[in-house]
Amino acid sequence: MKKKDVLCTGKAKSVYYTDDDKKLILHFRNDTSAFDGEKIEKLARKGEVNNKFNAFIMQKLEEAGIPTHFEELISDEESLVKKLDMFPIECVVRNIAAGSLCKRLGVEEGIEVSPPIFEFFLKDDALHDPMINEYHIQSFGWAKPEDVVAMQELTFKVNTVLKKLFADCGLLLVDYKLEFGRFGDQIVLGDEFTPDGCRLWDAETRKKLDKDRFRQGLGGVVEAYEEVASRLGVKLS
Ligand code: ADP
Ligand code: UDP
């Protein structure tokens with residue numbers, strides 16, 4: 001597979017065309033950003049850890065019947081994926097209150113929410129990713145009603161699979177963000193599932209093992225990601 005021109009350079013990943021017009025290469029860089037790109041740092045090994053973490057999770061999701069863009073690992077920091085026509089939407093599920101939910105509603109961090117809460121956000125850094133609902137999505141044509149239903153169903157299915165996967169290694173899946181795209185007539189999970197885009201706490205101590213360590217300046221960011229990877233059995237070099 002030949003790597004060709006860059007398609008886009010995001011805050012943490014770069015995306016490249018390949019000689020197959022249906023496939024892309026995702027390069028997980030060491031760059032780490034928070035607060036819509038206001039806080040940026042390079043963290044050694046993060047690209048490799050996230051690339052391999054993402055490959056492991058995407059394979060688990062495929063095994064559970066969730067279509068994903070993941071094809072194969074091609075280097076320590078790169079994966080081959082299907083080229084999707086991405087929806088400009090972020091799908092968030094929350095099992096425990098944290099982050100923007102606490103700020104917005106004044107609820108205490110750590111409260112278990114039942115049933116889990118589903119939220120849509122518009123993917124737009126300049127607007128600080130505002131929260132939107134099904135009406136905004138339909139009225140502005142960001143996705144069709146049936147795509148909205150598919151994204152919600154798949155996002156909840158991911159919750160069932162991953163809550164158990166993490167619980168089995170002593171971790172709480174607090175919340176996470178997914179991005180979907182269209183591949184032909186199929187709705188497929190794209191982007192990444194790594195500790196950059198979810199919250200994971202140790203089930204006993206509630207120690208934060210995700211990007212909140214970076215957002216809140218707690219230190220030990222990549223070490224925390226590596227601890228989660230090691231508990232899951234993700235092979236790192
Ligand atoms: P951001 O866009 O938040 O800065 P990244 O640095 O992760 O994030 O950039 C990766 C970009 O690649 C995102 O815009 C994401 O939507 C896009 N992307 C992820 N997977 C695919 C895919 N399979 N096909 C097309 N685009 C993708
Ligand atoms: N999230 C993300 N990218 C975003 C916004 C949120 O990956 O642009 C993830 C975040 O890591 C968390 C979940 O989505 O796991 C919910 O995030 P929240 O709305 O609480 O926003 P935050 O205040 O963390 O940005």
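Hydrogens, waters and symmetry mates are skipped; everything else that's a heavy atom, side chains included, is used. In each ligand, atom 1 is the first atom listed, and ligand 1 is the first ligand listed. Count residues from 1 along the sequence.
Comment: Asp168 engages Lys164 in a salt bridge, judged by a side-chain N to carboxylate O separation of less than 4.0 angstrom. We find that Asp191 and Lys13 are joined by a salt bridge, their nearest charged nitrogen and carboxylate oxygen being less than 4.0 Å apart.
No more than 12 heavy atoms of other residues, nucleotides or ligands sit less than 6.0 Å from atom CD of Gln138. With a 6.0 Å radius and a threshold of 12 heavy atoms from other residues, nucleotides or ligands, Glu62 has its CD atom above the threshold. In the displayed structure, Glu204 atom CD is contacted under 6.0 Å by at most 12 heavy atoms of other residues, nucleotides or ligands. The environment of OH in Tyr135 is sparse: at most 12 heavy-atom neighbours from other residues, nucleotides or ligands sit within 6.0 Å.
At least one side-chain heavy atom of Met151 sits less than 4.5 Å from a side-chain heavy atom of Phe87.
When each atom of ligand 1 is checked for a heavy atom of Leu24 under 4.0 Å away, the hits are 24 (N), 25 (C). Each of the atoms 11 (O), 15 (O) of ligand 2 lies under 4.0 Å from some heavy atom of Cys198. Applying the 4.0 Å criterion to heavy atoms of Gly99 picks out, from ligand 2, the atoms 20 (O). Ligand 1 places these atoms under 4.0 Å from at least one heavy atom of His69: 20 (N), 22 (C), 23 (N). The Asp129 neighbourhood of ligand 2 comprises atoms 8 (O), with distances under 4.0 Å to a heavy atom of that residue. Those atoms of ligand 2 that come under 4.0 Å of a heavy atom in Arg94, given as number and element, are 16 (C), 18 (P), 19 (O), 20 (O). Near Val81, with a cut-off below 4.0 Å to any heavy atom, the atoms of ligand 1 are 23 (N). Under a 4.0 Å criterion applied to the non-hydrogen atoms of Lys123, ligand 1 contributes the atoms 1 (P), 2 (O), 3 (O), 14 (O), 16 (O).
Taking atom 21 (C) of ligand 1 as the reference point, the nearest protein heavy-atom neighbour is Met86 SD, 3.8 Å. Protein heavy atom closest to atom 25 (C) of ligand 1, with residue, atom name and distance, is Leu84 O, 3.3 Å. Given atom 12 (O) of ligand 1, the protein heavy atom at minimum distance is Val15 CG2, 3.4 Å. Closest to atom 9 (O) of ligand 1, if we only count protein heavy atoms, is Gly10 CA, 3.6 Å. Of the protein's non-hydrogen atoms, the one nearest atom 8 (O) of ligand 1 is Lys11 N, 4.0 Å. In this structure, the protein non-hydrogen atom closest to atom 7 (O) of ligand 1 is Lys13 NZ, 2.5 Å.
Ligand 2 has at least one atom lying under 4.0 Å from a heavy atom of Arg215. At least one heavy atom of Ala12 sits closer than 4.0 Å to an atom of ligand 1. Asp196 counts as a contact of ligand 2, since one of its heavy atoms falls under 4.0 Å from the ligand.
Checked by distance only, ligand 2 and Arg199 come closer than 3.5 Å through their nitrogen or oxygen atoms. For a threshold of 3.5 Å applied to N or O pairs, the pair formed by Asp125 and ligand 1 contains no separation below that value. No N or O atom of Lys83 sits closer than 3.5 Å to an N or O atom of ligand 1.
Between Asp175 and the options Lys211, Arg94, Lys163, a salt bridge (charged side-chain N to carboxylate O under 4.0 Å, His left out) holds for only Arg94. Of the residues Lys52, Lys235, Lys46, the one that meets the salt bridge (charged side-chain N to carboxylate O under 4.0 Å, His left out) test with Asp76 is Lys52. Remark: of the listed residues Asp31, Asn30, Thr32, Asp31 is the sole one forming a side-chain hydrogen bond (donor to acceptor under 3.5 Å, both in side chains) with Lys42.
For atom 22 (C) of ligand 1, the nearest non-hydrogen atom from the set Lys82, Lys23, Glu179 belongs to Lys82. Closest to atom 10 (C) of ligand 1 by heavy atom, among Asp31, Asp191, Asn50, Asp196, is Asp191. Looking at Ser100, Ala12, Ala34, Gly197 and measuring to atom 20 (O) of ligand 2, the nearest heavy atom belongs to Ser100. For atom 7 (O) of ligand 2, the nearest non-hydrogen atom from the set Glu119, Lys177, Lys123, Met131 belongs to Lys177.
If you look at Glu90 next to ligand 2, the close heavy atoms, those under 4.0 Å, all belong to the side chain. Using a 4.0 Å cut-off between heavy atoms, Asp175 contacts ligand 2 through both its backbone and its side chain.
Aromatic rings of Tyr225 and Phe53 (six-membered ring for Trp) have centroids beyond the 6.0 Å cut-off, not under it.
Judged by the 6.0 Å distance and 45° axis criteria, Lys4 is not positioned over the aromatic ring of Tyr17. Cation-pi geometry between Lys39 and Phe214 is met: under 6.0 angstrom from the ring centre, within 45 degrees of the axis.
Listed here is the closest heavy atom pair of Ala97 and Cys102: C-SG, 3.7 Å.
Looking at Arg231, its side chain does come within 3.5 Å of a backbone N or O of Cys169 through a donor-acceptor pair.
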